[in-house]
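The structure presented is a predicted model; accordingly, all values stated were derived computationally and were not measured.
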Amino acid sequence: MPLVPTSDLLASAAADRRGLPAFNVITLEHAEAIAAGAEAVGTPVVLQLSQNAVAYRGGRLLPIARACAEIAAAARVPVSLHLDHVEDFDLLRAAPAAGFSSAMFDASALPHDENVKATAEAAAWAHRHGLHLEAELGRVGGKDGEPPLSAHAPGARTDPAEAARYVADTAVDALAVAVGSSHAMTSRTADLDLALIGELAAAVPVPLVLHGSSGVPDGQLAAAVAAGMVKINIGTALNLAYTPAVREHLTARPDTTDPRPYLTAARDAMTRTVEHLARVVAAAR
């Protein structure tokens, strides 16, 4: 199946009142597992590559992007490619030619006025080149070793009125908001501010995105979608399946040298995780 624009998948999910699962890719096994898990559920899915994942590959975007595009083309469900947490404008410029239909431009660490200016410039460029642009307002926390933030930490949560102004001033197409989750959580203990999600959904005219969803329990993920979240970003949960599967295999078979058996175990474990979380996220509310 050809790549589908992320904007189409978001519009369909919003119209059907369900979530759109978006999983982060690091290795080829991640991408294969995401496609297989989505096929098992029968849901559209977003394959996401972050700026960090590109840096891991020596800054070379095309090899892993083209591999993801081939996996998407072979999938029996609609798949889009999204470039996540882009801070480097040169990387953003490379996205359309590499097959991406959307990107998340991350200026959230900048002072607010600078964030607005940089994001508006990124959105204007993206729209001229057919790219759907996501941005972030508020501090999700937990990225690149940053400590996680409580939903009640000063300045952590996204204010609905400020979010509405931000979208109007930047012309972004989707907005990641801070409502109590955190990147890189290894336990599912996040307590989302569901009332705030409802207020943001009412105030903001573009789809809302939840980052740091790996740390959110199933019930709260479903409730977040019911409250108005559309795109649900999941990354760490796959690594929590991948790494223990490799470790278990190598512990039981310490003389293993061929990587295929333990990478198969890792891919299978991630597929089960994708299937489970996609069922939770994509259920109609």
For [X] against [Y], the heavy-atom pair lying closest together:
| X | Y | result |
| --- | --- | --- |
| Cys68 | Leu81 | CB-CD2, 3.7 Å |
| Ile34 | Phe23 | CD1-CB, 3.4 Å |
| Val77 | Glu39 | CG1-CA, 3.9 Å |
| Thr271 | Ala36 | CG2-CB, 3.9 Å |
| Val230 | Ala14 | CG1-N, 4.2 Å |

Same cluster (ILVMFWY, side-chain, under 4.5 Å), [X] and [Y]:
| X | Y | value |
| --- | --- | --- |
| Val216 | Val225 | yes |
| Leu28 | Leu263 | no |
| Met104 | Leu133 | no |
| Val280 | Leu194 | yes |

Any heavy-atom pair between the side chains of [Y] and [X] that's under 4.5 Å?
| X | Y | value |
| --- | --- | --- |
| Tyr242 | His30 | yes |
| Glu199 | Val204 | no |
| Val172 | Phe105 | no |
| His127 | Asp173 | yes |
| Leu238 | Val274 | yes |
| His112 | Tyr166 | yes |
| Ser12 | Arg18 | yes |
| Ile232 | Leu277 | no |

Quick one: do Lys117 and Glu121 make a salt bridge, cutoff under 4.0 Å?
yes

Show your reasoning for whether salt bridge (Lys or Arg N to Asp or Glu O under 4.0 Å) applies to Glu275 and Arg279.
CA-CA 6 Å; Glu275 183 174 349; Arg279 288 191 192 281; 3.0 Å; yes

[Y] backbone acceptor or donor facing [X] side chain under 3.5 Å:
| X | Y | result |
| --- | --- | --- |
| Thr6 | Ser80 | no |
| Thr170 | Val116 | no |
| Glu134 | Ser102 | no |
| Arg267 | Ala31 | no |

How about Glu248: does its CD atom have over 12 heavy atoms from other parts shown lying under 6.0 Å from it?
no

Other residues, nucleotides, ligands: >12 heavy atoms within 6.0 Å of Tyr56 OH:
no

Stepwise side chain to side chain donor-acceptor pair (under 3.5 Å) check, Asn239 with Thr243
CA-CA 6 Å; Asn239 300 333; Thr243 304; 5.9 Å; no

